[in-house]
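The analysis underlying the following values was restricted to heavy atoms, covering all of them including side chains, and did not include hydrogens, waters or symmetry mates. Whatever order the structure lists ligands and atoms in, that order sets their numbers, starting from 1.
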Amino acid sequence: MGILKGKVAVVTGSTSGIGLAYARAFAGAGANIVLNGMGAPADVEKERSAIESDFGVKAVHSPADMAKPNEIAELIALGETTLGSVDVLVNNAGVQHVSQIEEFPVDKWDAIIAINLSSAFHAIRAAVPGMKRRGWGRIITTASAHSLVASPFKSAYVAAKHGIVGLTKTVALELARSKITCNCISPGYVWTPLVEKQIPNTMKARNMRRDQVINDVLLAAQPTKEFVTVEQVASLALFLCSQDAAQITGSNFSVDGGWTAQ
Ligand code: NAD
């Protein structure tokens, strides 16, 4: 039987990409799921109902905005009231903006810090009391290779992703005797529809072949010259939910094809 049978997982930003892969991996292990994120209602409903029919679990969707602390509290409350608990919390919602520091829009800085960093604080704060009461919990945050190294023009993203590692270590220490672990997963470049869609335009703009765009532009920093898959990231998250991972806490796991080994 699945290792998460009877448990409930809340995954922020799970209407696409990495978050959706986490949700499907946890559902495959028996968890009921709270999906969160934006998207056309019909697309979100398609993913939600597919989780229920593919894995025989319950799945609900919350449109809570991860920039709004009260909506984050409501998201956790939804898991507790509608599905009975929040046993696994994955802080995954994230946005990006690329601009040099002196022109970096202040509203973009504020939004990235709110969605990529503060949302994890608010969600963890709301979810921990229930986890403590039940004596078990798993908190995982999608950080990034940018939690370990920087790239120019991504000041807010890099600051938020470095910050999340500090939050993770602190929470891990506070919860070390409560059978609740708290870890980060730090992917390099992950193959998502978002990335795939950039390729034709970049080929045109730079007059490059597809393989040149992939190797020399997108995967410039990634030594394997291969994308990480969403399933590879989700498999690690599922392992972190297992009993075998009970002593892994306060860690930050790179899944980046060697990027941060350089
Ligand atoms: P994505 O754009 O496919 O998914 C992002 C998700 O977050 C979507 O479900 C979106 O609706 C949701 N979201 C965005 N703003 C939100 C808000 N205000 N409130 C609630 N939900 C919101 O991106 P992804 O590539 O799957 O990224 C997921 C996480 O992985 C992010 O934290 C990102 O920083 C991180 N990451 C991605 C990569 C990559 O190469 N794709 C690499 C390293 C880290």
Step by step, work out the salt bridge (Lys or Arg N to Asp or Glu O under 4.0 Å) result for E52 and K46. CA-CA 10 Å; E52 291 197 333; K46 195 169 146 228; over 6 Å; no

The test is salt bridge (Lys or Arg N to Asp or Glu O under 4.0 Å); show your working for D54 and R24 and say whether it passes. CA-CA 9 Å; D54 291 350; R24 290 185 60 83; 2.8 Å; yes

Test side chain to side chain contact (heavy atoms under 4.5 Å, CB included) on L240 and I248 and set out the steps. CA-CA 8 Å; L240 290 174; I248 299 175; 4.0 Å; yes

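Protein neighbours of ligand 1 below 4.0 Å, counting non-hydrogen atoms: G13, S14, T15, S16, G17, I18, N36, G37, M38, A64, D65, M66, N92, A93, G94, V95, I115, T142, A143, S144, Y157, K161, P187, G188, Y189, V190, T192.
Ring orientation note: the planes of Y157 and H146 are nearly perpendicular, at an angle over 60° on the 30°/60° scale.
Between V228 and D256 the shortest heavy-atom distance is CG2-CA, 4.3 Å.
With sequence neighbours excluded, the residues satisfying salt bridge (charged side-chain N to carboxylate O under 4.0 Å, His left out) with D65 are K68.
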